[in-house]
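Take a look at the structure below.
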There are 2 protein chains.
Amino acid sequence: MQQRDIFPRSLQYLVAIAEYGSYTRAAEALHVSQPTLSQQIKQLEESLQSPLLDRSGRSVQLTNAGEIYLRHARRAWGELDGGARAIHDVQNLSRGSLRLGWTPITDYLTCSLLESFNGLYPGININTLDMPQDDIEVSVAESRIDVGIVFSKPFSSTTRPNEIETEVLFEEKLCIAVGKNHPRAKQRERMSAQNLGQESLALLNTDFALRRHVDDYCNEYDIEPRFAIESNSLSAIISLIKHRPHATILPRSIVKQQGLHAINLSPEMQRKEITLIYRKNGYKSPATIAFSELAHLWAKNELQHTAQTQ
Amino acid sequence: MQQRDIFPRSLQYLVAIAEYGSYTRAAEALHVSQPTLSQQIKQLEESLQSPLLDRSGRSVQLTNAGEIYLRHARRAWGELDGGARAIHDVQNLSRGSLRLGWTPITDYLTCSLLESFNGLYPGININTLDMPQDDIEVSVAESRIDVGIVFSKPFSSTTRPNEIETEVLFEEKLCIAVGKNHPRAKQRERMSAQNLGQESLALLNTDFALRRHVDDYCNEYDIEPRFAIESNSLSAIISLIKHRPHATILPRSIVKQQGLHAINLSPEMQRKEITLIYRKNGYKSPATIAFSELAHLWAKNELQHTAQTQ
DNA sequence: GTTGTTGCATAGTCAAATCCTATAGGTCTG
DNA sequence: CAGACCTATAGGATTTGACTATGCAACAAC
């Protein structure tokens, strides 16, 4: 209905006149006066430099040119109409797209969220980009992605605070993770910071916030960590941990989920937050809003579940 | 260029803004003021009940809905543009259609005209309808066909004279036609009206003007014609004449063209005219005009040719 | 943090396009 | 040939579209 107002009046008139075979009849149907149609068709014919209607007979008929032009006009109308319906699809979440940035850590932590989102809104095209947190923040600030999922203190140092808007989902404790064959695979008591310095570590490289966080901790307690492996691939690290006698540091829920053994540190590392970040005051697409809502629901469930098993 | 005026301004603006990523830049390119764009886009968004552009950042970007709608708008624009070009094709005669009505007689007489027309304008769709002359006149009057080719006195009795417009192409003499095996296949002298009454005739049925013309002639000279065959198919009659000892009455050029033997009548039958008929004051499509022009040229050639062989 | 710059939004005015009523000028019908 | 029907034209009212001037927010530089 609204669409009728975007599509040019003159073409709507042409279509109606062709349909009714009469200016008078079409004018009645369109609730406009007959001279309006005369005038509009005249202008249209002048624009196209060709007569479109043959008014010589008892009933108005399309000329050769009119017949051909009408087909195109109908298709064009159909396109605009389809466009309006497609917009409603976007608002219904039956179409659309979501560009999501996350880190290797949040990837592991929230992929079940993404699975439910896809299950709920299968028409929405999801585009995920795995990258260091700093890049996520820049991408969000520059609107290259709709939303980021980060794992850190609310603001990173490199980004001006008010370019970004944050929503905390939940908090995670960091602990040491070892495989089932590691000497400490049975250890239940906490491990001291000093002992951490003895371990052979597999960690993400310094591009990643988690790694920098570990480095800060080591500095604070004057530990010189021993790195067996540095990588930007968390799956590589986890796979390594499972089979070799190395340790790494991960959020507790990833450790559990991957069937690794968790050892708490003493003193504990600063807890970190799983946070959604958006461009401050930026446009949020329907898909982005839906994702955000689902994420909060999912986080609440996740917390309950973690509380039970922790 | 003209097309830019038919396609809605608001959508042209949307396309330009999306292209330049800026209202200001687009306004410069379109030679309008920037507030005009703000206003138009606002209205467009209100019509569609959805934001289309995200103006929160440094550069204007399409929202999810805007991106989708833009695709449709571009296609619609393309359609209208294509329509305008198609109209020019019609005027160029590289497209279009021609609905032609003719009788079995004019079919035989003018099919070479149709062949040249098709050769000259291969893009024009030709639709021919073979029917009795009276039907042609009605069809022309009611614009069901663009042009008729008839073979008769200018006006038939059943149609009001001023509904139809005529253009005579050339005149034809009617004569008796017999096959090569007919007893009179060698006769060079004229045949009297009385002798015609002796012949076994194959003629079109009374739906056709030629047949009624023959009946009138017979009435005038008090002849009771003997009909062996009556048909609405001229090709059937010609085929029959070729192999059986019947006679028929045909325009002289058809007789020659079909390799039949022509015998003149005495007194001669009224000559008849090959005539183009149009709806009076009706719209003539470019194809119709072109056909008319070609027909007159063709008739001039045909006359010269006939003069040589007659 | 303050200031300057850039860019879109808003307000108010004006011209032009659109639509209306009334009427003229055509066909077609009886 | 008169009446009915239909489209075209003319002239006035309304709406739309575009402009200028200005406001406000974001970004950049000092």
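All chains are named by letter (A, B, ...) in the order of the sequence lines, taking the proteins before the strands, and each is independently numbered beginning at 1. Computed from heavy atoms alone, side chains included, the values below leave out hydrogens, waters and symmetry copies.
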I need the CG-P distance between B:L37 and D:dT20, as an integer number of Å.
13 Å
With sequence neighbours left out, the residues meeting side chain to side chain donor-acceptor pair (under 3.5 Å) with A:S38 are A:Q34
In whole Å, what is the span from the CG atom of A:L53 to the P atom of C:dG26?
20 Å
What's the CG-P distance between A:L52 and D:dT7, to the nearest Å?
16 Å
Roughly how many Å is it from CD in A:Q12 to P in C:dC19, rounded to a whole number?
10 Å
Starting at CG of A:L44 and ending at P of D:dA8, how long is that distance when rounded to a whole Å?
13 Å
Could you tell me whether the side chains of A:S50 and A:Y69 share a donor-acceptor contact shorter than 3.5 Å?
no
With each end axis built from five pairs of C1' atoms, what bend angle do you get for the helix from C:dG1-D:dC30 to C:dG30-D:dC1? Round to 10°.
30°
Answer with base, sugar-phosphate or nothing: what part of the nucleic acid does B:S33 contact at a heavy-atom distance below 4.0 Å?
base
Does anything in residues 22-33 of chain B form a side chain to side chain donor-acceptor pair (under 3.5 Å)? List the pairs, not counting sequence neighbours.
B:Y23-B:R55, B:S33-B:T36
Sequence-distant partners of A:E19, side-chain contact (heavy atoms from CB on, under 4.5 Å), two or more places apart:
A:V15, A:R74
Below 3.5 Å between N/O atoms, which protein atoms pair up with nucleotides 22-24 of chain D? Just atom names and distances, please.
none

Can you sort out the partners of B:S94 under side-chain contact (heavy atoms from CB on, under 4.5 Å), two or more places apart, ordered by chain and number?
B:D89, B:N92
Taking only N and O in the side chain of A:S22, is any of them less than 4.0 Å away from OP1 or OP2 of D:dT7?
yes
Would you please name every residue forming a side chain to side chain donor-acceptor pair (under 3.5 Å) with A:N125, sequence neighbours left out?
none
Considering residues at least two apart in sequence or located in another chain, which fulfil the salt bridge (charged side-chain N to carboxylate O under 4.0 Å, His left out) criterion with A:E167?
none
Using 0.5 Å steps for rounding, measure from the CG atom of B:D207 to the CG atom of B:D134.
8.5 Å
Rounded to whole angstroms, how far apart are CD1 on A:I41 and P on D:dT7?
11 Å
Separation of D:dA18 P from B:L30 CG (nearest whole Å)
10 Å
Starting from the 5' end of DNA chain C, give me the residue, B:Y23 or B:R279, whose nearest nucleotide shows up first.
B:Y23
Can you find a side chain N or O atom of A:T24 that sits less than 4.0 Å from OP1 or OP2 on D:dT7?
yes
List the residues meeting side chain to side chain donor-acceptor pair (under 3.5 Å) with A:T288, not counting sequence neighbours, and say none if there are none.
A:S285
Name the pairs: protein N/O against N/O of nucleotides 11-17 of chain D, kept only if under 3.5 Å.
residue	atom	partner	partner atom	Å
D:dG17	OP2	B:Q43	OE1	3.4

Just to verify, what does A:R75 make a side chain to side chain donor-acceptor pair (under 3.5 Å) with, not counting sequence neighbours?
B:E79
Suppose we screen for ring-ring contact (aromatic ring centres under 6.0 Å, His included). Which residues come up paired with A:F291, at least two apart in sequence or across chains?
A:F117
Is the phosphate of D:dC5 approached by A:R25 (side-chain N or O, under 4.0 Å from OP1 or OP2)?
no
What is the distance, to the nearest angstrom, from the CD1 atom on B:I6 to the P atom on C:dA17?
15 Å
Using the rule side chain to side chain contact (heavy atoms under 4.5 Å, CB included), only one of B:L113, B:D130, B:I149, B:N127 pairs with B:L100; which is it?
B:I149
